[in-house]
Each structure stands twice: as C-alpha cells, then as structure tokens.
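Because only heavy atoms are used, hydrogens play no part in the values below, and waters and symmetry mates are left out as well, while side chains stay in. Being a predicted model, the structure only gives us computed values, none of them experimental. As the structure lists them, so they are numbered: ligands from 1, and atoms in each ligand from 1.
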Amino acid sequence: MTSREIRQKFLDHFAKRGHTIVPSAPMVVKDDPTLMFTNAGMNQFKDLFLGNRPAKDKRIADTQKCLRVSGKHNDLEEVGIDTYHHTMFEMLGNWSFGDYFKKEAIQWAWELLVDEYKIDKENIYVTYFGGDAADELEADEETRQLWLQYLPAERILPFSRKDNFWEMGDTGPCGPCTEIHVDVRTAEEKKAKPGRDLVNNDHPQVIEIWNNVFMQFERKADGSLHTLPAQHVDTGMGFERLCMVLQGKRSNYDTDVFQPLIQPVSKQCGRKYGATLNSQPGESRYRHACDRRSPARDLVRHCRWTIAEQHGRGLCDPSDPASCGAIRLQLPGLHRTFHACARGNAGERDGRSVPGTEEATWHHRERDVGGGEGFSAYAGAGHQAFGASPLGEPPRGTIPGDKAFELFDTFGFPIDLTQLMAREQGRDVDMKGFEAELQKQKERSRAATTVTTGDWVDLAKGETTFVGYDELSSPARILRYRKGERQGGDQFQIVLDRTPFYAEGGGQVGDQGWLINGDERVEVLDTKRENQLIVHFTKALPKDVNASFSAQVDASRRNLTARNHTATHLLHHVLRKQLGTHGNRRVHWSPRTACASTSVISPRSRPRSSRPSSAK
Ligand code: SER
C-alpha cells in the first residue's frame, strides 16, 4: 500500500463506523494560550472533552499535522538520530465525545490493524495503565480484560503513569491509555529475544504505533484530578510509523513518505543515502532535513506545510522562504539550493494529501529556478555567525555560550543544531554559558508576559452570546472567571453570558471598555479568544461577581479600529489585484494613529495569529 492508500483506509474504516471526517487543525495553535503548536490530534477538541461546548458530531476521525518541539511532548532531541521519531508528523485519530468507550475503541483498532491492514497478530503487543499511587488511581483492569479477547496475557503489559497515562500539558483533559506496539524484527532477532522485553525500550523495530486514550479526567493547576462530565476516546496513530510497518521497512525514512524527499537531495549531493542507521557520516542530516520541525526555524516538510498555512492566513510570502523564518541545513556535498531541490520534487505529493499546501507549492516551484537566493542569504548569515563558511575549513575551539546564544536568538539556530554542527567540526559548545544567557533572556521575557493562570471558577452554565456586530453595550452576567499573574501584578480573566466585546482575531485587535455595576467601573484592558471562549482581561475583579453588569465597549476606540480594519482590507485587495495572491504582505495598522502600512514578515518579527477576514 502507498502512504496515500494507508491514510485513506484509516479514514474509510472510521467513516464506515459512523465517524465524520474533519480537516486537520493548523499546526500553529490560534486560540489556546496553554499551547504554542498543535502537539496532538485532540488539541482542537479540548473544549469538547472539558464540556465547555457540546459536540456537534459525537464521532470524528481525521489526520492531524502535529509538531512536538516544546513543552510536555518534545521530540526535538530524537530527530534524525533514530529512525522513528519526528518532531513533525501526521497523527491519524478517531474520537468519541461521550459516545463509545473502551470496548469499541479497542475492537475497531484491532479490526483495522489485523483485518484491514493485515498486520500479523503475532507481532502485536499492547500496554495498559498499571495504576498510580500518587494520583490514587487503580490499574486499568477493564482494558486488560478487553484485550484478552484478542491477545494472550503475555502480550498485554502494564506500564506506569509515564507511559500509560496521557496528558496534553500540565493542565487539561487526560486519562489512562492503551498503546499498540508492533515488532518488525527478523525471525532470528525475535528468536534471540522476545518482543515483550523490548516494548517501551527504545528499540527501533519494536515500536508504538497507536495510542488509545480514555479521557476521564481534567488535571487542574494545583495538580489534582477531577472527573470529566463525560467519558471520551482520543486515539492517535503515528502515520509514518504505520507506513514503515505496512511497507515492510525498518526505518520511517525508507517509506514513500520520506524517500521522495531524501532521494533528490542525496542525488544532488552525489551521495547514496543508506537505509541503515548512521551508516555513513552525516546521514542523520538527511533525515533531519526531511523531518518536519519548528515553524520558526526548520526544514523541508515543515517549511512547506507551515508556509502554506501562514500563506493561507496572509502571514508570509511563500515565494520568499526567508520571510517565513527558515534556515538552511548544511549537507555533505551540497552547498546551495537544497531547500529548493527537495521542494520541487516532492511538493506535489504533499500538496495533494495535505489540504492548503497546493498554492504555496506552486510558488516554490516557480521560484526554484532562481535557486532560493533570499533564503540562502539568510542562512549564510547564520553560518558566518557560526564561524564556518560552508565551503571553508572549520575553525577550532569551544564555541562560547554567548555566541551559541546569539546563533539561537538572532539567527534561529536551535541549540541542538549548533551542537551538531560543532560536533562535526570536533568542537564543543559552552553549554553552561549558553544556559546562563538563556536564563537571562527567560527572566527578561517572564517580566513581560503572563506567568500563571489559575483554574476557572464557574458561576453559571451556558455559552457566550456575541452581540458586538450590532451593539456596543449589553447587559451581562459573569459565567466564569479566573485569576492570573502578569508582570508581577494580578490579572483577571472573565467570561460573560452576553458580550459586545470583539475578541482579537481576523487581524483586528480586541476591544477595550468597562464592566459597570452602579458606581463601580471595572476596566476591560483587552479581549481575546481561548478556544471557543471570549475572555475579557481586567486588572480587578468586580466586587459582586454575581451581579448584573452593563458591558460597555470603548466606542471611540472601536470606531478607529473598524476604520483601520476596513482600510487594511482595501489595501489587501489592491495588493492582491495588482501583484497576485503571492504578493500578499501583512498589513500593520494602529487604531490610535489611524494609518496602515505594509511590511514583509521577517524571521525575527513573527506575527500574532491573524487572518484577514470579513470581521466588521
Ligand atoms: N492524545 C494521544 C496522543 O497524542 C492520543 O491521540 O498520543
């Protein structure tokens, strides 16, 4: 089966079982301050698990673009070094929102793997949650019993919270999980050591392919677990790993997901890419190159997807990769246009499979003729700062911490990349010095951003009615609030049952105004979205949180905002008309000065998420 057929079979399997197929959410998370990048398929459904809004479809399936480069789920260190970790990957998932639970999830997973994909059941091992004393949770015996219908007891293994209790982040929905592992070793290897001894043991051919999470709890900011109003299923299967298993390969990079990227690069470098791990110096670089990493600073697959996403939102210019914050990876034997060459050959494949990438791919291909000089110039500056010309002799000695930090901060080199480049020159990086600089920067930014947010205090049930297109003032009650800390001071976040406040979005700033109760006027400093919630930010909490308020938008500020937003749309329209959609630029505007200007996004000034829209 080709990777395309594998993906389709998954979606068809769940469509036949009553699931609605939905598109992947963007990788750059828009409305959830607890998360920068989408790290799991369930992110876009967080509100449904928490019961913040009802699910329209009780059963959903999709393939989600995920990025694991920071926070709780971070695979940055593993990329390219082994054959089965990626920072950017596709996750095939099926969900039940208060509908089916463990029995059906396990049964349908088994039917897909064994009956449809024809994986030999002798090669399958499963794990389940073995309980946790600190969280006062028992072992998940129900799941073990369900698996016993399909597998002998010696293939059903208990593991601790670390491996078998899934959490999205420090807070949020979570629950015990059961993972499905596949042993793709040779018969001799299996004879020498049973697969059960290698499960969860970092063996490249005995790997987890599918995680089935049973969402039952919410982890609160104080670490406690609260039972969710309903029980849900959240599953995630690693698409690239599944392709490795089904295509009979020993490395994800040998599948048709990666080879169309690796082969042209390898050909242009004049080197043969071997399938065996680290069989030749620099081979991990090819894998690095074809992984799909951080939107701020990484390579081919990620660049194409992220650029396409950002382009779709009018945030960057895909004909100029440098404007989207990419860096070039130095490959043995290749000193230029690596980025362009891989794009040109493999773009169409992903373009068809990942919605939204087609347009950007076309721009890249047109631009490839020119060799991507803008991109190279940017990367070249980073390389010069590193201290080695790609063509010249490398210098010697330890790279000082402040220099490594400058590479990180100014040129977007992740520290692991600096270390990798240093290692290949036989050099060290002064990590202590780097950490010290990083710490200083963290302290600087901590002083400038929100540090903590407490749990919501619910006062009433219900959803917010937004009336801000027609009204600038409305009676309102508080549905929920929470306390946070910002720049050392208190900050409150308030959700109302009815609001005229427009939340930042669509390229338009959030409204300011007041919550008024008699003589008391609580100033609303900003309005933002968090998933489906419209959150009003205030410095103080009203004295009586259960009162009926008058929620009033600052009308003169809103008028300036509306004028500027309209002017922005007019400007965009003219730019598109005159230059074509690829001539898109982000438009900066200010409600105070009532003026608009355009500029290209530079790698150092990544925009806040915004999409030119029809917002009034
Ligand atoms: N949320 C789980 C994971 O990411 C299952 O989808 O592994």
* Gly236, any N or O under 3.5 Å of ligand 1 N or O ->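 Yes.
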* Asked: Quick one: does Asn39 get an N or O within less than 3.5 Å of an N or O on ligand 1?
  ->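 By distance alone, the answer is no.
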Taking only heavy atoms of [X] into account, list the atoms of ligand 1 that are under 4.0 Å away from them.
| X | value |
| --- | --- |
| Met42 | 1 (N) |
| Val213 | 2 (C), 5 (C) |
| Ala40 | 4 (O) |
| Asp234 | 1 (N), 2 (C), 5 (C), 6 (O) |

* Residues forming a side-chain hydrogen bond (donor to acceptor under 3.5 Å, both in side chains) with Glu141, sequence neighbours excluded ->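 With sequence neighbours excluded, Glu141 shows a side-chain hydrogen bond (donor to acceptor under 3.5 Å, both in side chains) to Arg144, Gln145, given in chain and number order.
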* Asked: If you measure only the distance, is there a donor-acceptor pair under 3.5 Å linking the side chains of Gln107 and Glu111?
  ->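 Their side chains do contain a donor-acceptor pair, which is all the 3.5 Å distance test asks for.
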* Partners passing side chain to side chain contact (heavy atoms under 4.5 Å, CB included) against Glu138 (at least two apart in sequence or in another chain) ->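 Testing Glu138 for side chain to side chain contact (heavy atoms under 4.5 Å, CB included), a comparison that skips the adjacent residues, returns none.
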* To do: List the steps, then state whether side-chain hydrogen bond (donor to acceptor under 3.5 Å, both in side chains) holds for Asp256 with Thr2.
  => CA-CA 7 Å; Asp256 71 344; Thr2 63; 4.8 Å; no
* **N-O pairing of Lys528 and Glu530 below 4.0 Å** =>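 So Lys528 does not pair with Glu530 through a salt bridge.
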